[in-house]
Participant: 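One structure, pasted below without further comment.
Each residue takes its place number in the sequence, starting with 1.
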Amino acid sequence: MEKRNFRITAEAGIHARPATLLVQAASKFNADINLEYDGKSINLKSIMGVMSLGVGQNTDVTISADGDDETEALEEVAKTMKAEGLTD
């Protein structure tokens with residue numbers, strides 16, 4: 001299992017558009033990918049799960065991946081977060 005911490009710097013936090021793109025990025029992989037925020041953990045492949053967290057600006061999240069392609073999955077998710085301006 002691999003984990004990475006991110007600080008969400010986007011003014012709107014993780015809203016609909018970047019949430020959709022994160023789910024699409026995560027769904028390309030076989031690994032189990034979870035997003036942890038405020039004591040809750042959800043499947044990053046679930047748009048409803050991501051939106052239900054209400055992740056705002058200047059908050060910390062942890063993304064973990066567990067599976068045969070976990071490293072590649074985390075790289076892709078990190079790249080998507082940066083491309084969408086969610087994190088620096």
Side-chain angles (χ1 to χ4, degrees):
M1 176 185 288
E2 290 195 32
K3 288 185 177 189
R4 283 199 197 168
N5 297 315
F6 298 92
R7 173 158 294 261
I8 303 303
T9 57
E11 190 173 322
I14 300 179
H15 57 90
R17 183 174 187 280
T20 300
L21 294 173
L22 284 173
V23 169
Q24 288 174 349
S27 295
K28 296 176 187 176
F29 299 93
N30 292 323
D32 292 327
I33 306 170
N34 292 302
L35 172 64
E36 297 172 34
Y37 169 70
D38 198 27
K40 298 177 190 133
S41 180
I42 57 92
N43 181 345
L44 190 57
K45 297 177 184 179
S46 165
I47 187 66
M48 294 305 290
V50 176
M51 294 303 296
S52 72
L53 291 178
V55 179
Q57 183 181 28
N58 295 323
T59 57
D60 295 315
V61 300
T62 301
I63 297 178
S64 60
D66 188 17
D68 59 337
D69 54 0
E70 62 193 31
T71 303
E72 297 86 355
L74 274 179
E75 286 297 323
E76 183 69 21
V77 169
K79 192 165 76 173
T80 302
M81 290 183 76
K82 189 163 182 70
E84 288 304 306
L86 291 174
T87 190
D88 293 333

Participant: Please report the interatomic distance OG1(Thr80) to CG(Leu22), rounded to the nearest 0.5 Å.
Facilitator: 6.0 Å
Participant: Under the 3.5 angstrom rule, does the side chain of Ser27 hit a backbone N or O of Gln24 as a donor-acceptor pair?
Facilitator: no
Participant: Test Val61 against Leu53 for side-chain contact (heavy atoms from CB on, under 4.5 Å), laying out the working first.
Facilitator: CA-CA 11 Å; Val61 300; Leu53 291 178; over 6 Å; no
Participant: Would you compute the distance between atom CD of Glu36 and atom CG of Asp60 and round it to the nearest 0.5 angstrom?
Facilitator: 12.0 Å
Participant: Between Asn34 and Ser64 (side chain of the first, backbone of the second, donor and acceptor by atom type, cut-off under 3.5 Å), is there such a pair?
Facilitator: no
Participant: Heavy-atom distance under 4.5 Å between the side chains of Asn43 and Asp32, does that happen here?
Facilitator: no
Participant: State the CD-OG1 distance between Glu84 and Thr20, to the nearest 0.5 angstrom.
Facilitator: 10.0 Å
Participant: Is the shortest side-chain heavy-atom distance between Ile14 and Ile8 below 4.5 Å?
Facilitator: yes
Participant: Where is the tightest heavy-atom contact between Ala19 and Met51, given as atom of each residue plus distance?
Facilitator: CB-SD, 3.6 Å
Participant: Give me the atom names and distance for the closest heavy-atom approach of Ser46 to Val23.
Facilitator: C-CG2, 3.9 Å
Participant: Identify the two heavy atoms, one from Ile33 and one from Ala26, that lie closest to each other, and give their separation to 0.1 Å.
Facilitator: CD1-O, 3.6 Å
Participant: Should Val55 and Ile47 be regarded as members of a common hydrophobic cluster, given that ILVMFWY residues are connected when their side-chain heavy atoms come within less than 4.5 Å of each other, either directly or indirectly?
Facilitator: yes
Participant: Would you call Arg4-Glu75 a salt bridge at under 4.0 Å N-O?
Facilitator: yes
Participant: Between Thr87 and Arg7 (side chain of the first, backbone of the second, donor and acceptor by atom type, cut-off under 3.5 Å), is there such a pair?
Facilitator: yes
Participant: Should Val77 and Ile42 be counted in the same cluster of Ile, Leu, Val, Met, Phe, Trp and Tyr side chains packed under 4.5 Å apart?
Facilitator: yes
Participant: Between Met48 and Ile63, is there a shared hydrophobic cluster once you connect ILVMFWY residues whose side-chain heavy atoms come closer than 4.5 Å?
Facilitator: yes
Participant: Could you check whether any side-chain heavy atom of Tyr37 comes within less than 4.5 Å of a side-chain heavy atom of Thr59, counting everything from C-beta outward?
Facilitator: yes
Participant: So, for Leu86 and Pro18, which heavy atoms are closest and what is the spacing to 0.1 Å?
Facilitator: CD1-CB, 3.8 Å
Participant: CG of Asp88 to NZ of Lys82: how many Å apart, nearest 0.5 Å?
Facilitator: 6.5 Å
Participant: CE/Met81 to CZ/Phe6 distance, rounded to the nearest 0.5 angstrom?
Facilitator: 5.5 Å
Participant: Can you tell me if Glu70 uses its side chain to pair, donor with acceptor, with the backbone of Gly67 under 3.5 Å?
Facilitator: yes
Participant: Mind listing the closest non-hydrogen atom pair of Ala10 and Gly85 along with its distance?
Facilitator: CB-O, 3.4 Å
Participant: Is any side-chain heavy atom of Asn30 closer than 4.5 Å to a side-chain heavy atom of Asp68?
Facilitator: yes
Participant: Give a yes or no answer on whether the side chain of Gln57 reaches the backbone of Ala12 with a donor-acceptor pair at less than 3.5 Å.
Facilitator: no
